[in-house]
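Heads up: the structure comes next, in structure tokens.
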Amino acid sequence: MSERFPGWRELPKGAVSPKSSIEYKTGDWGVEKPGIDLGRCTQCTLCHFFCPEGAITISEDGHPEVGMDYCKGCGVCAEECPVKCIEMVRKR
Ligand code: SF4
Ligand code: SF4
């Protein structure tokens, strides 16, 4: 006879954030931040989609903007930018 595992309704709650992630700021985690050369940016928006923190928004004119309250300095955006116009720079 096979063992019965509990269904998800029977499991105790865990790892559930009681608040919105908007209130969970990750901007003070990193030592680097992205510097974007907007003159070379093609406005492809890939950095926006790849950023794991949702820190990059796209302005009305199509340029990426980094929200420093949430950027944790991971460098994913710089790695994924197809024209390599993002350089990680040390925070002051
Ligand atoms: S460094 Fe990481 S967290 Fe910051 S904007 Fe780039 S992908 Fe997002
Ligand atoms: S990935 Fe690079 S080229 Fe594309 S929008 Fe972001 S900064 Fe611009």
Side-chain angles (χ1 to χ4, degrees):
M1 195 161 128
S2 63
E3 188 179 350
R4 182 188 172 279
F5 293 102
W8 66 271
R9 286 192 179 87
E10 300 161 273
L11 292 170
K13 283 185 183 173
V16 176
S17 172
K19 295 181 174 181
S20 163
S21 60
I22 288 174
E23 294 171 46
Y24 192 67
K25 295 185 176 172
T26 50
D28 58 355
W29 288 10
V31 294
E32 293 186 323
K33 63 179 181 178
I36 304 177
D37 180 351
L38 294 178
R40 293 173 48 222
C41 171
T42 61
Q43 303 185 359
C44 71
T45 73
L46 281 180
C47 52
H48 162 73
F49 288 106
F50 273 105
C51 174
E53 297 300 329
I56 300 181
T57 54
I58 304 298
S59 69
E60 279 188 14
D61 67 0
H63 285 113
E65 295 177 335
V66 180
M68 293 312 297
D69 278 349
Y70 302 100
C71 172
K72 63 184 178 185
C74 65
V76 168
C77 54
E79 186 66 29
E80 297 298 335
C81 174
V83 295
K84 299 295 177 206
C85 71
I86 304 178
E87 182 185 2
M88 297 305 291
V89 294
R90 189 114 183 148
K91 283 183 185 172
R92 290 201 187 151

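When a ligand or atom number is given, it counts from 1 through the structure's own listing order. Start at 1 with the first residue, then count along the sequence. Here the structure is a predicted model, which is why all the values come from computation and not from measurement.
The backbone N or O of Lys84 sits less than 3.5 Å from a side-chain atom of Arg40, completing a donor-acceptor pair.
With ligand atoms numbered from 1 in the order given, ligand 2 contributes 7 (S) to contacts under 4.0 Å with heavy atoms of Ile86. Near Ile56, with a cut-off below 4.0 Å to any heavy atom, the atoms of ligand 1 are 5 (S). Listed by atom number, the atoms of ligand 1 under 4.0 Å from Pro52 heavy atoms are 7 (S). Residue contact check: Gly73 has heavy atoms under 4.0 Å from atoms 1 (S), 4 (Fe) of ligand 1. Those atoms of ligand 1 that come under 4.0 Å of a heavy atom in Cys77, given as number and element, are 1 (S), 5 (S), 6 (Fe), 7 (S).
Under a 4.0 Å heavy-atom criterion, Glu80 is not in contact with ligand 1. Not a single heavy atom of Gly67 sits closer than 4.0 Å to an atom of ligand 1.
Partners of Glu80 by side-chain hydrogen bond (donor to acceptor under 3.5 Å, both in side chains), not counting sequence neighbours: none found. Evaluation of the side-chain hydrogen bond (donor to acceptor under 3.5 Å, both in side chains) rule for Lys72 yields Glu53 as partners, not counting sequence neighbours.
For the residue pair Ala55 and Cys71, the shortest heavy atom distance occurs at CB-N, 3.6 Å. When all heavy atoms of Ser59 and Glu65 are compared, the closest pair comes out as CB-OE2, 3.5 Å. When all heavy atoms of Cys85 and Cys41 are compared, the closest pair comes out as SG-CA, 3.7 Å. Looking at every heavy atom in both residues, Glu32 comes nearest to Met88 through OE1-CB, 3.6 Å.
Summarising the hydrophobic clusters (Ile, Leu, Val, Met, Phe, Trp, Tyr; side-chain heavy atoms under 4.5 Å, direct or chained), the residues clustered with Met68 are Ile36, Leu38, Ile56, Val66, Ile86.
Between the CG atom of Asp28 and the OH atom of Tyr70 there is a distance of 12.0 Å, given to the nearest 0.5 Å. Cys47 SG to Ile58 CD1: the interatomic distance, rounded to the nearest 0.5 Å, is 5.0 Å.
In terms of protein heavy-atom proximity, atom 4 (Fe) of ligand 1 is closest to Cys71 SG, 2.3 Å. Closest protein heavy atom to atom 3 (S) of ligand 1: Lys72 N, 3.4 Å. Summary of contacts: the protein heavy atom closest to atom 8 (Fe) of ligand 1 is Cys51 SG, 2.3 Å. The protein heavy atom nearest to atom 2 (Fe) of ligand 1 is Cys74 SG, 2.3 Å.
The set of protein atoms (N, O or S) found at less than 2.8 Å from atom 4 (Fe) of ligand 2 reads Cys44 SG, by chain and number.
The side chain of Met88, and not its backbone, has at least one atom closer than 4.0 Å to an atom of ligand 1 (non-hydrogen atoms only; side chain from C-beta on).
For the pair Val76 and Glu79, the minimum side-chain heavy-atom distance is 4.5 Å or more.
Crowding of Glu87 atom CD: a count of heavy atoms from other residues, nucleotides or ligands under 6.0 Å not exceeding 12.
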